[in-house]
Amino acid sequence: MKYNLPKYAFAALLAIALGCSTAKQDKIVQTDAQQKTQLPIDRKVDSVLNLMTLEEKVGQMNQYNGFWDVTGPAPQEGSAARKYEHLKNGWVGSMLNVRGVKDVKALQKIAVEETRLGIPVIFGYDVIHGYKTISPIPLAEAASWDMEAIKKSAEICAAEAAASGLNWTFAPMVDVARDARWGRVMEGAGEDPYLNSRIAEARVKGFQGDLGEFNLAACAKHFAGYAFAEAGRDYNTVDISDNTLHNVILPPFKAAADAGALTFMNSFNELEGIPATGNAYLQREILKGEWGFQGYVVSDWGSMAEMMAHGYAKDLKQAAEYAAKAGSDMDMESYGYVQHLAELVREGRVSEETVNEAVRRILRVKFMLGLFDDPYKYCDETREQQTIGKKEFHDGVLDMAKKSIVLLKNDNNMLPLKKQGQKIAVIGALATDKTSPLGSWRIGADDGTAISVMEGLQQYKGNNLTYAKGADVALGEPKFTTRTDINTTDKSGFAEAVAAAKNADVVIMVLGEHGLQTGEGRSRSDIDLPGVQQELLETVYKANPNIVLVLTNGRPLAIPWAAENVPAIVEAWHLGTQSGNAIAQVLYGDHNPAGKLPMSFPRNVGQVPIYYNHKNTGRPSNEDPDSVFWSHYTDVENSPLYPFGYGLSYSTFEYGNLRLSSDKLAANGKITVTVDVKNTSNRDGREVVQLYLHDLYASVTRPVRELKGFETIDIKAGQSKTVTFTIDEKTIEFYTANKKWEAEPGDFKVYVGGSSDATLNGSFTYTHQKNEKDTID
Ligand code: BGC
């Protein structure tokens, strides 16, 4: 532990060593002996807490957005001047959206050297999928099913952001999402609780590392239920059952907490009529109670104040009261705590112990990050310059990007492309776009810094490339702050595209959404190809059907016509800085694609929400072909266009010889499920072997399938590998009618394969008979 700060920073920490832990202590200059004092974190925290005035405590619970250009003069008027005053008073515990060593250091200096106690500020930022060197959007990364690669990608985010002065990322988003209309599906890991949970762990560990050096505190968000906004419209009402909350939504949050996530963020939505920010059931009972979470909860942006619009709090003061009582520890930009909390305590409406508990949690995290040891720990300009954009980071995000690509269709092995002698027409505005591949939530990155598809393809010199835009994706520039209309009608570039296609052996069409058509506030009611791109695709197809469709988008798209007609389709998402290189390497076969969809692709938007782990209903099929009275549509089939877990490769795999070690799972017992997977092609390849269970009957109805395990394996051409999964009582536990997680006796079907619609199956029975004691419990 280092104690290398001269004057003020450790005043409070040292108070206890000086034997004055309850005294009002001003800035204390430390001696060598005191510098060596090692105390358990909770004692250090209390020693600080004991020195704080009520206002200073409330200040720790207050987070402000960056409010002035710190290189300019201090703000003199308006809200910036007020915030500046608060910072100098020690009433700001955290700031967001301040980045770069110079700015962070300048603000930290005020907190540490100008306030009474010198408590460092924690600097947060939305480092969602990269800081400057951008990784694929999280939904894309999820398609890799590669936990090591995902962890590595989070490590890269953390290394760059921490070198830039940041201490805390508002990630991972672990919201299980079933509705592709919701723009924020791009931020998460898709529709499955199990995959989301494994990815939550990988990302938390990647961001936080061992917290030894320059890691970021992670923040599991949005707690909870946000992705279930009705009709996919962002911020909309959420109305879900307790069953869905516990079995579907909460598991990834629990996994993040168990992996050691230091912070949580609550959410904009209501749950059972109570906004999440004011929801004690979520924050106090489940998170801090049952799960024993020791970190702190930050509100979402302004979500405390939004409790007024929800019709829950009558004014900001009441909102602050509800939020504090419900366990929302830090207020992001509602100003509710800073304006009202001290008064609420004085009036006896909120107890001081409630405030103390929140402050303890916040201080504990600051101690864990080492900010008390050295508040400028993250502020080294030389390290910043040497770290940002390192070659190894580019290699890392390229690797992640390649692993994120999903091959959806490849008729007659149209891919990989030949490397020589081909005339290739590249069509679509997204083919040359150097910003869209950065995707949404890449606010630390500079526009135009991604490798475009065209640039990637140009690395391969043996073919002759021509380019035609064909049509824009959308009206207007894809800027973070401007509207992103999707209804461009300009078809004036079609003729050029058709001419290029006619003259080509192969047409690569790069279509989809631009980088800001997904993300927060970017819900869509149609999820087909925006603008005139569908028409462009069909027009070009008439001229030359030899099309490879490269989709770049941030959500599942409804592309039934393309799925039917276009011979090859590659889902390339928004892949980040190295996007074009990754896509080119896949198209030319230098990387054999192995990604699998983390979210179902619908046939049309009317099927949404569509997800593989649905319930069976009472009328799941039409035994009588003439009957209309079963759960279906009259105009489209029930199945998705491409299911969860689906993805092709240039290799082909055959599954066989499924065997269970027993058809009975006993109490405290285990059984194994083993399968042989053969690479039947002449190319080395990678396959994600997936295990699904169906719990056939239970005290509450269960999904038709649930992912319970997966293994990502490399198999050489022509060779086989054997994969074994273990099933025990933990595997089959769920939130039962007893309102607790338990395994119920019953019959289970097992499916193993390379997609959620795998057919190879077996079965077992869980035989545990409840004894008398269990029943009484
Ligand atoms: C989002 C959060 C984000 C926060 C800070 C909010 O609007 O919902 O996910 O972390 O802003 O930028």
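Note that ligands are numbered from 1 as they come in the structure, with each ligand's atoms numbered from 1 the same way. In what follows, every heavy atom counts, from backbone to side chain, and hydrogens, waters and symmetry copies are set aside. As the structure is a prediction and not an experimental result, all values here were calculated from the model.
Taking only nitrogen or oxygen atoms, main chain and side chain alike, Trp441 does not reach within less than 3.5 Å of ligand 1. Taking any N or O of Glu520, backbone or side chain, at least one lies under 3.5 Å from an N or O belonging to ligand 1. Considering backbone and side-chain N/O of Glu187, none are found under 3.5 Å from N/O of ligand 1. The N/O atoms of Arg184, backbone and side chain alike, include one that comes under 3.5 Å of an N/O atom in ligand 1. In terms of polar-atom proximity, defined here as any N/O pair under 3.5 Å, Tyr226 makes no such contact with ligand 1.
Using a 4.0 Å cutoff on heavy atoms, Phe268 counts as a contact of ligand 1. Within the 4.0 Å heavy-atom shell around ligand 1 one does not find Met173.
Stacking of Lys288 on the aromatic ring of Phe293 is not recorded, the 6.0 Å distance cut-off and the 45° axial limit not both being met. The cationic atom of Lys221 (NZ for Lys, CZ for Arg) lies less than 6.0 Å from the six-membered ring centre of Trp441 and within 45° of the ring axis.
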Extract all donor-acceptor atom pairs below 3.5 Å that involve side chains of residues 172-183 and protein atoms in other chains or at least two apart in sequence.
unit_1	atom_1	unit_2	atom_2	d
Asp175	OD1	His222	N	3.2
Asp175	OD2	His222	N	3.2
Asp175	OD2	His222	ND1	2.9
Arg178	NH1	Tyr611	OH	3.4
Asp179	OD1	Arg181	N	3.0
Asp179	OD1	Arg181	NE	3.0
Asp179	OD2	Arg181	NE	3.4
Asp179	OD2	Arg181	NH2	2.8
Asp179	OD2	Gly232	N	3.2
Arg181	NE	Ala231	O	3.4
Trp182	NE1	Asp234	OD1	3.0

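Nearest protein heavy-atom neighbour of atom 11 (O) of ligand 1: Asp300 OD1, 3.6 Å. Nearest protein heavy-atom contact of atom 3 (C) of ligand 1 is Asp126 OD1, 3.2 Å.
Checked by atom type, the side-chain pair Gln283/Asp329 shows no donor-acceptor distance below 3.5 Å.
A salt bridge is defined here as a Lys NZ or Arg NE, NH1 or NH2 lying under 4.0 Å from an Asp or Glu carboxylate O, and Glu141 with Lys151 fails to meet this definition.
Every side-chain contact (heavy atoms from CB on, under 4.5 Å) that Met147 has, sequence neighbours left out, goes to Ile150, Leu195, Arg198, Ile199, Ala202, Phe710.
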